[in-house]
Amino acid sequence: MMQLTSDIQATHQATAGQLIQPLGNDEKAETLDFLSARPQQTFLMSGWIHDNGLESRLNRGTFYGYRNTQGQLEGVALIGHVTLFETQAEAALAAFAGLTQRCSVSHTLVGEQDKMCRFLSYYMDGRPAPRLVCRELMFEQRAKQQLDESVPGLCLATSNELELVVQVHAQMAFEENGTNPLDVDPNGFRQRCARRIQQERVWVSVEDNRLSFKADVISDLPEITYLEGVYVSPEKRGNGFGARCVRQLTNTLLTRSKSVCVLIREQNTAAQACYRKAGYQAREYYETLFLAQN
């Protein structure tokens, strides 16, 4: 493996200018076609490209393409605050790891467990270990479920709920990775929450001016919809309320998408039980790595 790593890195250094280039908006169709080969694994990149295009500050990074000597795409990566990658060649994986090493704003890596292990074998050369590694299960639902009891107040959030959403989402981020976005980038964080509400991507249930439930639609695609930031207030946990909300929301989303998925930490057995109760099934393991900052 060490010899393979050295050979790939040497090849990349010799031809990097030809093989890797930032992707432009005129390459959007080609890029989405490449990612569509595995929609269940590339939903984040595909979703952001559909929402923002390939060239946008909203991506908080740069999309790169890795091409073979015939000019065909063999890899696509978003390298920035969140780094994501999809590759068909080991050399592309090594090349994207090298770019990530040189990206000063890289904060989080997300990928399938087996590919992440290989990515790290290139990325870790002389680098500090990630400050936090989270193993996650992807849960997916492909069919509508019967609703025994509906949640009448479950609806799209409006600007009136912005501050409620901001505070809960910030607290969830802090609990997940130890960083409060309201301390690091309060204006940017609020703007991102507000934009998601304007896009009609945030679902809430509010009681007595408090969030009982929240879920963010991060990627909204015909093939797959990805949920993140799913929250159930402490007083509503353990009685089936969360599962009812998830089941009802999933049924709504399945009217326009073939499947709905969510990533759940391996040790969060309560959340896993909630999604299983809502009809979801575990599909595969992912890893989310929070990088040590320079």
Hits for ring-ring contact (aromatic ring centres under 6.0 Å, His included) against F213, two or more places apart or cross-chain, chain-then-number order -> none
Would you call V105 and H81 a side-chain contact if the rule is heavy atoms closer than 4.5 Å? no
Decide whether T158 and E161 meet the rule of one side-chain donor and one side-chain acceptor closer than 3.5 Å. yes
Is S46 reaching over with its side chain to a backbone N or O of F43, donor-acceptor style, under 3.5 angstrom? no
Donor-acceptor under 3.5 Å (R247 side chain, K277 main chain): yes
Counting N and O atoms only, with roles assigned by atom type, does the side chain of N180 sit under 3.5 Å from a partner on the main chain of L182, one being a donor and the other an acceptor? yes
No-hydrogen, no-angle side-chain donor-acceptor test under 3.5 Å, Q167 and E163: yes
Just wondering, do F63 and T31 contact through their side chains at under 4.5 Å, heavy atoms? no
Please confirm whether the backbone N or O of A143 pairs with a side-chain atom of Q141, one donor and one acceptor, at under 3.5 Å? yes
Do you see a donor-acceptor pair shorter than 3.5 Å between the side chains of Q248 and S150? no
A side-chain contact here means heavy atoms from C-beta on lying under 4.5 Å apart; do E140 and I224 qualify? yes
Please report whether the ring centroid of F96 lies less than 6.0 Å from that of F85. no
Apply side chain to side chain contact (heavy atoms under 4.5 Å, CB included) to R265 and list each qualifying residue two or more places apart in sequence or on a separate chain. L132, C134, E136, E176, Q267, N268, F290
Go through E228 and R196 one step at a time and tell me if the salt bridge (charged side-chain N to carboxylate O under 4.0 Å, His left out) criterion holds. CA-CA 12 Å; E228 194 176 271; R196 201 168 291 160; 5.2 Å; no
Output, in order, the C-alpha distance, side-chain angles, deciding distance and verdict of side-chain contact (heavy atoms from CB on, under 4.5 Å) for T179 and R131. CA-CA 12 Å; T179 300; R131 64 180 179 84; 3.4 Å; yes
For the side-chain hydrogen bond (donor to acceptor under 3.5 Å, both in side chains) test, which of T225, D216, D51 pairs with R201? D51
With no hydrogens and no angle check, is any side-chain donor or acceptor of T87 less than 3.5 Å from a backbone partner on A92? no
Q41 versus E112, side-chain donor and acceptor atoms under 3.5 Å: no
Ion pair R256/D220, N-O distance below 4.0 Å: yes
Side-chain touch R60/V82, heavy atoms, less than 4.5 angstrom: no
Checking Y275 now: which residues fulfil side chain to side chain donor-acceptor pair (under 3.5 Å) with it, not counting sequence neighbours? none
